[in-house]
Structures are given as structure tokens and as C-alpha cells.
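I have placed the structure first, in the form of C-alpha cells, so that the comments after it can refer back to it.
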Amino acid sequence: MSKFRDLVESIIVGEEAPFWTFGEDTLEEGLVPSNAPIGKLVNKLDSFIKDDKPTLEVKLYSTGRDIKKKDEIVSYYLTIKETKTYKFHGCKIEVPVTIRCRCSTHDKPEQEINPPKDINVYIPNPSFPKTFNNRGGIMCYDLSEPNLDSYIANGYDDILLALKDKRNYIEMPLNAIKGDVFKDIITLPAQEVVFKYKFLNRDTLYFSKWFQDWLKQVRALYSNTFQQTNTFSR
């Protein structure tokens with residue numbers, strides 16, 4: 001709990017503010033400091049993820065505000081990260097996968113037609129009906145309490161699927177690291193490797209920190225073996 005919150009609560013219960021009363025508007029601990037419907041959705045989603053899959057790391061990276069009411073947040077953008085550890089060619093490799101999620105009161109028409117590539121999951125999913133027309137002609141979701149669980153359950157499934165798809169995308173080039181490819185990434189300079197095997201440079205995979213950490217391990221483990229092989233083959 002933050003020192004600021006400690007201070008506020010001490011004032012609330014103290015004699016300095018005997019007339020202050022806080023009911024449902026009191027902010028509760030959560031990922032975002034909001035009791036607005038979209039804030040409740042985000043906090044319930046975060047709590048659900050922590051309970052069901054605590055290995056996932058959820059962070060807030062951006063917000064979107066109402067066009068006219070600049071003090072009203074209507075969208076929260078989250079990063080969701082999962083790191084899995086494997087034994088790969090005898091060494092530990094930690095493969096992180098990160099997706100982005102948009103939680104919002106509404107859809108953007110242009111996103112429905114041409115979704116931005118940096119957003120993997122939308123909560124609520126656009127398949128849910130938008131029934132409220134209370135934002136200057138923009139159709140909005142019904143974020144009343146009974147609907148939040150449905151939005152979250154569906155969104156959680158979408159999150160797990162998006163993580164799985166992205167992990168498969170990353171593991172495809174990893175699965176090709178064997179035989180001569182494995183030997184070359186250990187013995188050849190970096191630029192020569194990525195020129196020869198362009199799939200290793202997809203999304204800068206080869207130069208990512210997690211791949212380089214693994215590469216240091218396998219080079220230390222196998223470099224002498226491959227040097228001896230090259231010597232005998234001359």
C-alpha cells in the first residue's frame with residue numbers, strides 16, 4: 001500500500017475530517033485507480049488473471065480519453081507478458097511473449113475494418129452487442145456489473161489464444177535451429193548468421209536479449225566441440 005494512500009486513510013478515520021464519508025466511490029486496490037465501469041472491468045480482469053494464471057504479467061501502458069470529456073478515461077491499453085523456460089540444446093532458454101490488449105467502453109469503426117497490428121485482443125470482444133448510444137453517437141458496451149464476467153471470461157480466452165499464437169510464431173524459427181544451422185550460429189559472426197539464415201532475424205529474434213543469453217550458454221558449451229570438428233576435417 002502506498003504512503004499516499006496510508007496518509008489519506010489516516011485522515012479519513014481521524015478527527016481532522018469527521019464529515020468525510022466514502023461509500024461505493026472509495027477506490028480499491030487494483031491495476032488502475034478507477035471505480036468507473038471500464039476501470040472495474042480492467043481490475044477484475046487483472047484479478048482473474050492473477051488467480052488463474054499468476055505466471056502472466058499484466059501492466060498498464062496507455063489510456064484513451066473521451067474526446068469531449070478529457071478527464072474521463074474510456075480505454076485502457078495493457079501489455080500481457082508470459083515467459084516460459086525450456087531446455088534447448090542442453091541449455092536454459094527463457095522465451096518471453098508479449099501481447100497488447102485494449103479494454104474500452106466502445107469500438108473504433110476504423111479498428112473493426114482495419115485492426116492495428118499492435119493490438120492483439122479487444123475486451124469486450126466486438127462480437128458482443130453495443131447497446132448504449134451515450135457518447136455523442138458512438139455505440140458503447142453495456143458495462144453494468146452483470147455483464148463484466150462475460151466480457152472477462154471471453155477476453156481471457158482470447159488472451160490465452162493470442163499468447164499461444166505468438167509463441168508458436170516465435171518457436172517456428174527456434175525449431176529450425178539444428179544441424180548445420182546450430183553449428184553456424186555458434187561459430188559464425190552475427191551478421192553472417194542473419195544474412196545466411198534470414199528467418200533468425202525475423203522480428204529481430206537473433207538480437208533479442210533472451211536469445212543472446214541462450215547463445216552465450218551454448219557457445220560456452222559447444223564451441224570447443226565444433227572447433228575440434230573443424231580441425232579434424234581439414
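Under a cutoff of 6.0 Å and an axis angle of 45°, K50 and F48 do not form a cation-pi pair. In this structure, R202 satisfies the cation-pi test against Y169, with its NZ or CZ atom closer than 6.0 Å to the six-membered ring centre and inside 45 degrees of the ring normal.
D180 CG: 12 or fewer foreign heavy atoms inside a 6.0 Å radius.
Side-chain contact between F128 and N154 is present, with at least one heavy-atom pair separated by less than 4.5 Å. Side-chain contact check for I123 versus Y156: every heavy-atom pair is 4.5 Å or farther apart. Inter-residue side-chain proximity for I177 and L200 is flagged as met; some heavy-atom pair is nearer than 4.5 Å.
Cluster membership check: W214 does not share its hydrophobic cluster with M172, using side-chain heavy-atom separations under 4.5 Å among Ile, Leu, Val, Met, Phe, Trp and Tyr. Taking hydrophobic clusters as Ile, Leu, Val, Met, Phe, Trp and Tyr residues chained together by side-chain heavy-atom distances below 4.5 Å, V181 does not share a cluster with F195.
Aromatic ring orientation, Y222 versus F182: perpendicular (interplanar angle above 60°, classes split at 30° and 60°).
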Output, in order, the C-alpha distance, side-chain angles, deciding distance and verdict of side chain to side chain contact (heavy atoms under 4.5 Å, CB included) for T79 and I99. CA-CA 6 Å; T79 58; I99 62 169; over 6 Å; no
Dump the intermediate steps for side-chain hydrogen bond (donor to acceptor under 3.5 Å, both in side chains) on Y141 and N147, then the final yes or no. CA-CA 9 Å; Y141 293 102; N147 294 320; over 6 Å; no
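By the 4.0 Å N-to-carboxylate-O rule, K44 lies close enough to E145 to be salt-bridged with it. Under 4.0 Å is where a charged nitrogen must lie from a carboxylate oxygen, and between K130 and D107 at least one such pair does.
Side-chain atoms of Y86 and E171 include a donor-acceptor pair closer than 3.5 Å. No side-chain N or O of R102 forms a donor-acceptor pair with one of Y122 less than 3.5 Å apart.
Panel note: side chain R167, backbone E82; a donor-acceptor pair is recorded below 3.5 Å.
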